[in-house]
Amino acid sequence: MIILGLETSCDETAASVVTKDKRILSNIVSSQYLEHKPFGGVVPEIAARAHLGHIDFIVEEALKKASVSLDDLDGIAVAGGPGLIGGVIVGVMMAKGIAMAKDLPFIPVNHLEAHALTARLTSDVMFPYLLLLVSGGHCQFLIVEEVGDYTYLGGTLDDALGECLDKTARLLGHGYPGGPIIEQLALTGHEDAFSLPKPLKGQEGCAFSFSGLKTAARKVISENDITSPTFQADFCASLQQTIGEILIDRCSHALRMAHAKRPDIKTLVVGGGVAANQYFKGQLSQWAQSYGLEVVSPPIKLCTDNGAMIAWAGVERFRKGLLGSLDFAPRPRWPLEELRRGDKTERKTIS
Ligand code: KG4
Ligand code: ZN
């Protein structure tokens with residue numbers, strides 16, 4: 001089985017060809033970084049136009065690199081949301097066009113579901129597992145029961161973790177995305193140089209809150225010299241250390257909640273762009289040892305948005321007969337736990 005996956009929900013135009021037996025035949029990602037750079041963040045209108053300008057070429061490139069044609073495909077998957085509506089429309093219309101022209105199954109995929117399932121493309125992760133989904137727009141814990149079956153445990157009350165990192169990096173005078181820049185700068189810093197708050201640490205539940213940390217970061221930055229490389233390194237190391245502690249505390253609570261529902265959970269999957277951070281991964285892996293819990297995250301380039309994660313979610317859905325229909329409407333908001341209620345996909349039997 002060969003599936004083409006398209007991703008256009010934020011600022012990456014991406015296409016990838018993935019097989020049922022977990023081979024990534026191509027994975028083309030075109031970043032709009034330069035288009036958005038002058039504005040210090042993603043501008044939705046610019047993103048939509050850029051997707052429109054790039055999508056044909058990216059799809060062609062993905063097929064060429066995979067040495068397949070549209071006739072070799074068994075289905076086409078596309079991020080149908082959540083995300084910036086202009087971009088999602090571009091991807092969905094492209095996918096519908098191909099599906100219609102080639103009479104292929106059309107598989108709209110929830111972008112968050114794709115992040116949730118990517119670890120199964122690159123590692124042998126079995127259901128159920130606990131998922132920490134940390135990206136630029138989302139920050140939440142879920143139990144992944146099965147493909148299309150997610151139980152929400154808790155999430156951020158305000159900002160997503162990626163957003164907090166991006167905004168802080170901006171205050172330090174850097175571009176977007178900020179997460180990888182902070183990770184790089186932290187490598188040579190002292191993590192106890194600055195004391196920062198750890199909102200909700202020790203409290204019941206597994207919610208997050210990052211707005212207070214962001215405000216505290218702004219205050220420290222305004223009181224220091226951002227042109228000093230020592231300050232930059234020490235501050236970023238302290239910030240990462242603080243966030244690492246928050247993540248461990250929240251994961252401890254989430255694990256307890258998850259085990260109360262599913263005592264058989266043995267894996268914590270960390271997904272989404274922030275999962276690319278090797279410091280956080282290291283901290284969580286160390287913490288997890290005492291629980292006999294395995295921490296799994298996809299390889300760095302599959303943590304941030306890409307087409308392979310959409311194509312793989314397409315494979316997983318296709319196998320279960322969870323296809324979509326051509327009247328699917330793009331969904332700028334699309335909570336993951338809604339998938340369980342059937343929503344806008346239809347179930348078909350695949351022979
Ligand atoms: O999943 P993603 O590519 O897009 C969304 O769905 O939001 O996540 C992007 C986020 C950005 O906030 C970016 O700063 C963060 O992931 N990120 C990282 C790293 N690489 C990307 N955060 C921390 N460390 C990284 N290495
Ligand atoms: Zn994402």
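The structure displayed is predicted, hence computed values, not measured ones. One-based numbering, in listed order, for ligands and for the atoms of each.
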How far apart are the closest heavy atoms of G272 and S135, and which atoms are they?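 In this case the closest contact between G272 and S135 is CA-CB, 4.3 Å.
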Atom indices of ligand 1 within 4.0 angstrom of [X] heavy atoms, with elements:
X    : result
A276 : 20 (N), 26 (N)
G178 : 14 (O)
L165 : 22 (N), 23 (C)
E183 : 24 (N), 25 (C), 26 (N)
G137 : 7 (O)

What is the closest protein heavy atom to [atom], and at what distance does it sit?
atom                    : value
atom 11 (C) of ligand 1 : D166 OD2, 3.5 Å
atom 3 (O) of ligand 1  : D305 N, 3.0 Å
atom 10 (C) of ligand 1 : G136 N, 3.5 Å
atom 6 (O) of ligand 1  : H111 NE2, 3.2 Å

Side chains of [X] and [Y]: do they bring a donor and an acceptor to under 3.5 Å?
X    : Y    : result
Q240 : N277 : yes
S211 : D159 : no
W287 : Q283 : no

Compare all side-chain heavy atoms of [X] with those of [Y] and state whether any distance is below 4.5 angstrom.
X    : Y    : value
R331 : P82  : no
H115 : D305 : yes
M94  : H51  : no

Sub-3.5 Å N/O-N/O distance, G162 and ligand 1: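 For ligand 1, there is an N or O atom that lies under 3.5 Å from one belonging to G162.
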Ligand 1 to H115 polar contact by distance, N or O atoms, under 3.5 Å: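 N/O-N/O distance under 3.5 Å: yes.
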Is [X] reaching over with its side chain to a backbone N or O of [Y], donor-acceptor style, under 3.5 angstrom?
X    : Y    : answer
E183 : Q278 : yes
N306 : T304 : yes
S238 : F194 : yes

Hey, what's the ring geometry for Y129 with F127, parallel, tilted or perpendicular (30° and 60° as the breaks)?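 The rings of Y129 and F127 lie parallel, inter-plane angle below 30°.
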What do you reckon, does C10 put a non-hydrogen atom under 4.0 Å from ligand 1?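 Not so, C10 does not reach ligand 1.
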Expected list for residues 219-226: side-chain donor-acceptor pairs under 3.5 angstrom, two or more places apart:
| residue | atom | partner | partner atom | Å |
| --- | --- | --- | --- | --- |
| K219 | NZ | E223 | OE2 | 2.9 |
| S222 | OG | R218 | O | 3.4 |
| S222 | OG | K219 | O | 2.8 |
| N224 | ND2 | V220 | O | 2.8 |
| D225 | OD1 | T227 | N | 2.9 |
| D225 | OD1 | T227 | OG1 | 2.5 |
| D225 | OD2 | T227 | OG1 | 3.1 |

Considering the options E337, Q140, E113, which one meets the side-chain hydrogen bond (donor to acceptor under 3.5 Å, both in side chains) requirement together with Y150?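 Among E337, Q140, E113, the one meeting side-chain hydrogen bond (donor to acceptor under 3.5 Å, both in side chains) with Y150 is E113.
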Sorted by chain and residue number, which protein N/O/S atoms are under 2.8 Å from the Zn ion (ligand 2)?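 Listed by chain and number, the nearby protein N, O or S atoms are H111 NE2, H115 NE2, D305 OD1.
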At a non-hydrogen distance cut-off of under 4.0 Å, which region of T304 contacts ligand 1 (side chain, backbone, both, or neither)?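 The answer is both.
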Just going by heavy-atom distances, which of G179, P177, G273 is nearest to atom 21 (C) of ligand 1?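 Looking at heavy atoms only, the winner is G273.
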